[in-house]
Amino acid sequence: MAMPPPPAIANAVRDAISHDGRICVLTGAGMSAESGVPTFRGTQHDLWSRFDPMQLATAEAWRADAALVWAWYRWRMALVRDAQPHAGHRALAEPARRTSRVTLVTQNVDDLHERAGSVVDAHVHGSLFALRCFDCGSGHEGGLPPLDPAAQRIAPMACAYCGGGIRPGVVWFGEALPDDAWQVATDAARDCMLMLVVGTSGLVHPAAGLPALARRSGATVVEINPERTALSDDVDVSWRATAGDALPLLLGA
Ligand code: BV8
């Protein structure tokens, strides 16, 4: 069971709320770890030690073997569908319901924040389930055919407009982040009085630059992560705790 929040963190949250300051929450894969969604780095079960991101999470990989890439994303979609939001997701949803001063920015492509009742202001790396055509970009409304979990390769669905392959709505490496989401994220970083950085290794750019942007803009930056990260030296307080333990303690108060 996590220790109570370090006083510096409890004070920072209390300050922000008492001064009606804006709070920006930036989450990464660690936010969904306790829901059973594998992170990308850090454990032997993580995605990138089992699969090569450059082989699966790039437009080049799709051009080279769309069926391999699609099968991998169908597998991840099934994982997320079977997962449930945890107490940390719910703890984040509560204050956001009570005050519009909280901006939720996530690097996660899952929908666990939304299923916990949060409004996500920016999915900077896109969303698994926002399907669109790889060629013409048209959105794909239809559902997903049943999944054969053993399939290593699955032919993508065809676009109703141009016949192109339907891809997941995520941002692949080498692709630009969605302008609107990135604008919301950078505005929130600049305007916030407090930024909570939850469950990110701080290795994927440009999102990894948001905590430094917030700090340069005068915000107090608090990291919540059971491990040290690339960000730990550039935050005001780093709390060695999990999202599921820390957030209810911090936001429940
Ligand atoms: C771009 C969608 C250009 C896909 C993802 C500057 C320097 C170096 C490299 C670059 C740079 N600028 C750009 C790059 C290249 C690249 C990049 O950053 N590479 C890195 C790997 C070196 N960036 C890009 O390619 C970006 N695009 O630059 O385009 C451009 C510009 C204009 C026009 C055209 C092109 C696109 C980056 C987005 C890639 N897509 N996801 C998919 O999911 O399949 S990123 C993907 O990895 C996830 O979305 C996630 O965001 C990221 C993983 O990071 P984290 O979330 O931090 O997760 P991680 O596993 O690493 O860490 C988990 C943490 O949680 C750990 O610290 C762990 O301790 C902690 N934890 C574990 N359990 C818990 C916990 N914390 C709390 N509670 C727990 N229970």
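By convention here, the first residue in the shown sequence is residue 1.
Other residues, nucleotides and ligands contribute over 12 non-hydrogen atoms within 6.0 Å of the CG atom of Asp82.
The closest side-chain heavy-atom distance from Arg132 to Arg167 is below 4.5 Å. Residues Gln84 and Ser35 have side chains not in contact (no heavy-atom distance under 4.5 Å, counting atoms from C-beta outward). Two residues are said to be in side-chain contact when any heavy atoms from C-beta on lie closer than 4.5 Å; Leu144 and Met157 meet this criterion. Considering only heavy atoms from C-beta on, Met195 stays 4.5 Å or farther from Val222 through its side chain. Counting heavy atoms from C-beta outward, Pro211 and Asp234 have side chains that stay 4.5 Å or more apart. At least one side-chain heavy atom of Trp70 sits under 4.5 Å from a side-chain heavy atom of Pro168. The side-chain heavy atoms of Asp110 and Ser32, taken from C-beta on, include a pair separated by under 4.5 Å. Residues Val170 and His125 are not in side-chain contact: their nearest non-hydrogen atoms beyond the backbone lie 4.5 Å or more apart.
No side-chain donor-acceptor contact under 3.5 Å links Arg215 and Ser217. Judged purely by distance below 3.5 Å, without hydrogens or angles, the side chains of Thr220 and Asp236 never pair a donor atom with an acceptor atom. Side-chain polar atoms of Arg22 and Thr103 form a donor-acceptor pair below 3.5 angstrom. Under the 3.5 Å distance criterion, with hydrogens and angles disregarded, a donor-acceptor pair is assigned to the side chains of Asp187 and Gln183. The closest side-chain donor-acceptor pair between Gln107 and Thr27, if any, does not fall under 3.5 angstrom.
Val235 and Val105 fall within a single hydrophobic cluster, where Ile, Leu, Val, Met, Phe, Trp and Tyr side chains are chained together by heavy-atom contacts under 4.5 Å. Residues Leu247 and Val102 share a single hydrophobic cluster, defined by chaining ILVMFWY side chains whose heavy atoms lie under 4.5 Å apart. There is no path of hydrophobic side-chain contacts, each under 4.5 Å, that joins Leu104 to Leu210. Placement of Tyr73 and Leu147 within a single hydrophobic cluster is found when ILVMFWY residues are connected by side-chain heavy-atom separations under 4.5 Å, directly or transitively. In this structure, Met31 is not a member of the same hydrophobic cluster as Val221, with clusters built from ILVMFWY side-chain heavy atoms closer than 4.5 Å.
Ring geometry for His113 versus His89: interplanar angle over 60°, hence perpendicular rather than tilted (30 to 60°).
Ser18 contributes a side-chain N or O that, together with a main-chain N or O of Arg14, makes up a donor-acceptor pair within less than 3.5 Å. A donor-acceptor pair under 3.5 Å is formed between the side chain of Thr58 and the backbone N or O of Ala61. The backbone N or O of Thr106 sits nowhere less than 3.5 Å from a side-chain atom of His123 that would complete a donor-acceptor pair. Within the 3.5 Å criterion, the main-chain N or O of Ala241 finds no donor-acceptor partner in the side chain of Asp245. In this structure, Arg153 contributes its side chain and Ala67 its backbone to no donor-acceptor pair below 3.5 Å.
For Arg74 and Trp72, the positive end is not near the middle of the six-membered ring at less than 6.0 Å and at most 45° from its axis.
Atom CZ in Phe134 sits 6.0 Å away from atom CH2 in Trp172 (nearest 0.5 Å). A distance of 6.5 Å separates CH2 of Trp182 from OG1 of Thr186, quoted to the nearest 0.5 Å. Between the CD atom in Glu34 and the CG atom in Leu112 there is a gap of 11.5 Å [rounded to 0.5 Å]. Ile9 contributes atom CD1, which lies 10.5 Å from atom CG of Leu249 (distance to the nearest 0.5 angstrom). Here CZ of Arg81 is found 7.0 Å from CG of Asp111. Values are rounded to the nearest 0.5 Å. If you take CG on Leu92 and CG on Leu196, they are separated by 7.5 Å, rounding to the nearest 0.5 Å.
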- Item | Ser238 and Asn225: CA distance, side-chain angles, deciding distance, side chain to side chain contact (heavy atoms under 4.5 Å, CB included) verdict | CA-CA 7 Å; Ser238 191; Asn225 195 311; 5.7 Å; no
- side chain to side chain contact (heavy atoms under 4.5 Å, CB included) between Val198 and Leu26: does it pass, once the steps are laid out? CA-CA 6 Å; Val198 185; Leu26 173 66; over 6 Å; no
- CA sep, side-chain torsions, deciding dist, call: Leu231, Val197, side chain to side chain contact (heavy atoms under 4.5 Å, CB included): CA-CA 9 Å; Leu231 301 170; Val197 182; 3.9 Å; yes
- Message: Checking Phe129 against Val109 for the side chain to side chain contact (heavy atoms under 4.5 Å, CB included) test, could you report, in this order, the C-alpha distance in whole Å, the side-chain angles of both residues, the deciding distance, and whether it holds?
- Response: CA-CA 8 Å; Phe129 302 102; Val109 294; over 6 Å; no
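Taking all atoms of both residues into account, the shortest heavy-atom contact from Val237 to Ala8 is CG2-CB, 4.0 Å. Here the closest non-hydrogen pair linking Tyr161 and Ser138 is CD1-CB, 3.5 Å. The two atoms that bring Gly165 and Asp135 nearest to each other are N-OD2, 4.2 Å, heavy atoms only. Here the shortest heavy-atom pairing between Cys24 and Ala188 reads SG-CB, 3.9 Å.
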